[in-house]
Number of protein chains: 4
Amino acid sequence: MTAPREATRDRILEAAEHVFADKGYHDALVDEVATATALSKGGVYFHFPSKEDLFFAVVDRLADRLISKVERESSTQPTAIGRAEAALTAVFSALGKRRRLARLLMVQGYSMGNAFERKRVELFGRFASLIRQRLDEASAAGEIPPVDTTIVAHIWLGAINELVIRWLYSGEPAPMEALPILRSVLVEGTRASHAGRVAGEAGNG
Amino acid sequence: MTAPREATRDRILEAAEHVFADKGYHDALVDEVATATALSKGGVYFHFPSKEDLFFAVVDRLADRLISKVERESSTQPTAIGRAEAALTAVFSALGKRRRLARLLMVQGYSMGNAFERKRVELFGRFASLIRQRLDEASAAGEIPPVDTTIVAHIWLGAINELVIRWLYSGEPAPMEALPILRSVLVEGTRASHAGRVAGEAGNG
Amino acid sequence: MTAPREATRDRILEAAEHVFADKGYHDALVDEVATATALSKGGVYFHFPSKEDLFFAVVDRLADRLISKVERESSTQPTAIGRAEAALTAVFSALGKRRRLARLLMVQGYSMGNAFERKRVELFGRFASLIRQRLDEASAAGEIPPVDTTIVAHIWLGAINELVIRWLYSGEPAPMEALPILRSVLVEGTRASHAGRVAGEAGNG
Amino acid sequence: MTAPREATRDRILEAAEHVFADKGYHDALVDEVATATALSKGGVYFHFPSKEDLFFAVVDRLADRLISKVERESSTQPTAIGRAEAALTAVFSALGKRRRLARLLMVQGYSMGNAFERKRVELFGRFASLIRQRLDEASAAGEIPPVDTTIVAHIWLGAINELVIRWLYSGEPAPMEALPILRSVLVEGTRASHAGRVAGEAGNG
DNA sequence: GATGAATGAGCCTTCATTCAT
DNA sequence: GATGAATGAAGGCTCATTCAT
């Protein structure tokens with residue numbers, strides 16, 4: 001009944017998502033987005049003030065969706081560490097299923113200049129927060145040691161990121177293959193973590 | 001005896017390293033590199049066939065140095081896992097001490113198009129190999145479980161990468177602060193790793 | 001009786017006068033006029049067929065008012081040359097009191113292309129006519145020599161124009177300061193004018 | 001012997017002079033200048049950083065030449081007022097002989113925005129100075145009353161400007177026809193000038 | 001009368017790359 | 001080895017104008 005207003009804006013976003021994911025920010029042409037939306041270049045500029053704004057809108061939309069999804073999927077676990085692990089799994093699987101999503105969120109735009117660097121910090125900060133919150137709960141519940149959960153969250157996120165990028169570029173290993181190891185290393189590592197010396201140095205101490 | 005041939009080439013590489021690190025690949029102009037080298041644009045092109053080649057030469061030189069350094073520093077530990085950990089430490093500290101190095105190796109060029117993506121795979125592959133070799137030794141020595149060391153190496157590398165980038169952009173946390181946690185989580189996680197189920201799900205099983 | 005029809009048209013004209021005076025023809029956007037009128041772009045186009053037409057309408061309205069005012073103020077003098085001088089004074093003072101008027105009538109649009117050049121001729125022609133008519137009367141009354149009053153009128157107008165523009169851009173001299181000199185030079189010059197040789201050449205003759 | 005360097009720059013300037021005079025600043029395309037110079041667009045930009053800079057360079061060159069010419073031609077008269085009049089004649093004739101010169105110097109660019117307005121002030125200031133200096137000498141020599149020569153110089157310039165523009169647009173009157181009247185009115189007017197009341201008001205006093 | 005989304009033609013500017021000297 | 005003028009292929013963005021509602 002209620003007519004979907006802003007339909008054009010969404011169509012542009014949709015088209016831009018494809019174009020940016022395929023070509024990368026620099027090689028993507030506003031003209032291509034326009035064509036893919038069956039719109040003129042001016043039409044695109046009516047809805048977005050610049051190519052950069054358009055790119056950010058695409059990325060934000062994607063991030064919002066991913067975060068909702070992850071929050072939804074990770075909230076059903078009974079234990080806090082279970083929810084943390086579920087968040088890890090959810091992020092990794094979501095990215096592992098959609099190359100476009102992965103490319104846009106993990107790879108693009110690093111070298112767009114300062115504007116994007118700020119965006120990257122924001123974006124990864126949001127993702128890390130997802131994980132950190134669960135880790136905080138786990139820490140409060142005594143399920144993991146009292147570590148700096150922000151750092152640990154970024155460790156988790158970085159590991160995810162690297163495995164996703166590697167899969168993106170080399171096709172290996174398939175995310176579903178890597179996931180058990182990823183979970184095992186990060187979860188056990190977090191559980192066993194401490195700020196003291198480890199490994200080879202133990203014998204020296 | 002042998003006069004320092006290729007002096008100009010090195011001067012260009014040096015200048016380019018600064019320019020690329022400051023501006024990023026796209027915003028760096030060949031003209032700026034030329035000016036910084038007290039050379040004309042044509043002079044730069046005499047030594048490097050293209051801007052892209054120049055960029056890759058810069059990155060390769062940096063990577064070679066980093067890898068030598070890491071190999072040197074990580075070979076003195078008595079245990080294999082100790083050497084792995086030392087590699088982790090060496091990579092992380094080296095990047096944590098030189099923003100320029102970090103920016104060039106970790107951040108730049110992701111969105112340069114396919115050419116760079118291949119380079120990124122190669123580059124990170126080399127870094128991951130450094131770690132993987134040590135893990136393989138550790139695995140052979142029974143110091144860690146028999147896991148897929150390639151995946152684990154990328155997990156380690158991804159964690160390093162993320163913490164470095166975060167430090168680069170937000171200034172926090174200082175690498176030396178983050179390092180103990182990083183080591184602890186990754187080393188213990190690797191030691192305790194297995195491909196089975198973990199965490200919250202344990203209770204469910 | 002008759003309700004104020006055309007109220008919107010006048011509001012547009014009013015808004016356009018401000019916008020054109022502030023920004024100049026090229027830098028003024030139809031959108032700005034619309035916004036300033038609390039109208040949409042389409043609304044403006046309903047009342048004026050094009051930006052150029054709108055501009056001309058603004059200028060014409062202003063010119064009409066100025067001419068009426070000048071005619072009114074210059075008709076009370078007893079002598080013809082007095083009326084001519086009063087016209088000079090009236091034009092100069094009117095422009096000297098309203099920067100917006102001055103900017104729009106004297107400065108804008110010269111380089112708008114051929115369309116405006118025709119307008120400029122028309123506009124300045126009308127102003128010159130104001131002066132010329134008085135000069136014709138003065139000439140007929142024997143108050144000034146029988147010169148080409150069209151040329152003299154343009155001389156007067158050009159002098160006014162330049163002093164107004166200079167005041168507009170540099171703020172100096174204030175019109176009321178310049179006026180006595182302007183009047184003196186032009187009126188006496190016209191009275192003493194002849195088509196023969198003058199000045200330094202007099203001694204040579 | 002000495003090869004004329006900067007030949008290309010001059011060719012661009014020459015071509016730009018024609019294009020700007022024909023089309024006006026806004027309607028002139030950098031592409032047209034390039035084509036007319038048998039150069040690529042980039043070639044033009046190698047020599048001039050922007051279209052605006054190019055335009056200013058054209059205008060400055062023209063103004064320099066005009067000023068030299070006027071100074072040369074007006075310096076031979078024995079009396080100061082004769083030299084002033086000769087400057088008037090020289091400016092007016094020079095403009096009256098070359099439409100392109102006249103269009104570029106007198107008409108173009110008024111509505112280019114603030115950048116050009118400043119240029120206009122500078123340009124007309126230079127021309128007015130030419131005249132003012134002669135008037136100052138005449139004033140010092142007692143050949144004309146002690147008036148504000150800056151204002152009088154702008155009156156002269158304004159009159160010239162208007163007659164030139166009118167000729168440009170309507171073709172009438174031919175500069176050589178208008179010149180005697182122009183000289184007569186301005187020179188006699190300046191000689192007879194005073195800051196008191198004149199004309200019709202004399203009878204009222 | 002009025003809206004505002006959409007058009008579309010166009011223009012300035014950038015810059016990696018080349019090549020005659 | 002090096003210069004630097006010149007190329008040329010884009011590409012982002014603007015804005016007067018239109019028209020279905």
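Residue numbers begin at 1 in each chain, while the letters A, B, ... track the order of the sequences. Quantities reported herein were computed from a predicted structural model and do not represent experimental measurements. Scope of the values below: all heavy atoms of this structure, side chains included, with no hydrogens, waters or symmetry mates.
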Hey, does the side chain of B:Arg99 reach the backbone of B:Leu168 with a donor-acceptor pair shorter than 3.5 angstrom?
yes
Please check: side-chain N/O of D:Lys51 versus main-chain N/O of D:Ala28, any donor-acceptor pairing under 3.5 Å?
yes
Identify all stems in which DNA chain F takes part, counting only runs of at least 3 consecutive pairs (Watson-Crick or G-U wobble, each distance under 3.5 Å), and give each as one range with another, ordered by first number.
E:2-21 with F:2-21
N-O pairing of [X] and [Y] below 4.0 Å:
{"X": "B:Arg98", "Y": "B:Glu17", "value": "yes"}
{"X": "C:Glu14", "Y": "C:Arg11", "value": "no"}
{"X": "A:Lys119", "Y": "A:Asp60", "value": "yes"}

Within the 4.5 Å heavy-atom criterion, are B:Arg120 and A:Ile165 side-chain neighbours or not?
yes
OP1 or OP2 of E:dG1 sitting under 4.0 Å from any side-chain N/O of C:Thr8?
no
Residue closer to the 5' end of DNA chain F, B:Leu39 versus D:His47 (nearest nucleotide)
B:Leu39
Using whole Å, what does the distance between atom [atom2] of nucleotide [N] and atom [atom1] of [X] come to?
{"X": "B:Lys23", "N": "E:dT14", "atom1": "NZ", "atom2": "P", "value": "13 Å"}
{"X": "D:Ile12", "N": "F:dA5", "atom1": "CD1", "atom2": "P", "value": "11 Å"}
{"X": "A:Phe46", "N": "E:dG8", "atom1": "CZ", "atom2": "C1'", "value": "16 Å"}
{"X": "C:Phe48", "N": "E:dA2", "atom1": "CZ", "atom2": "P", "value": "12 Å"}
{"X": "B:Arg9", "N": "F:dG1", "atom1": "CZ", "atom2": "P", "value": "12 Å"}
{"X": "B:Arg11", "N": "F:dG1", "atom1": "CZ", "atom2": "P", "value": "12 Å"}

Determine the minimum heavy-atom distance between C:Ile12 and C:Gly43, stating which atoms define it.
CD1-O, 4.4 Å
Looking only at heavy atoms, the pair that brings C:His47 and C:Thr8 closest together is NE2-CG2, 3.5 Å
Walk along nucleotides 13-20 of chain F from 5' to 3' and tag each nucleotide B, S or - by protein heavy-atom contact under 4.0 Å, base first, then sugar-phosphate.
BBSBBB--
Using the side-chain heavy atoms of D:Ser40, tell me which of these nucleotides is nearest: F:dT3, E:dT7, F:dT7.
F:dT7
Classify the ring geometry between C:Phe20 and C:Tyr25 as parallel (under 30°), tilted (30 to 60°) or perpendicular (over 60°).
parallel
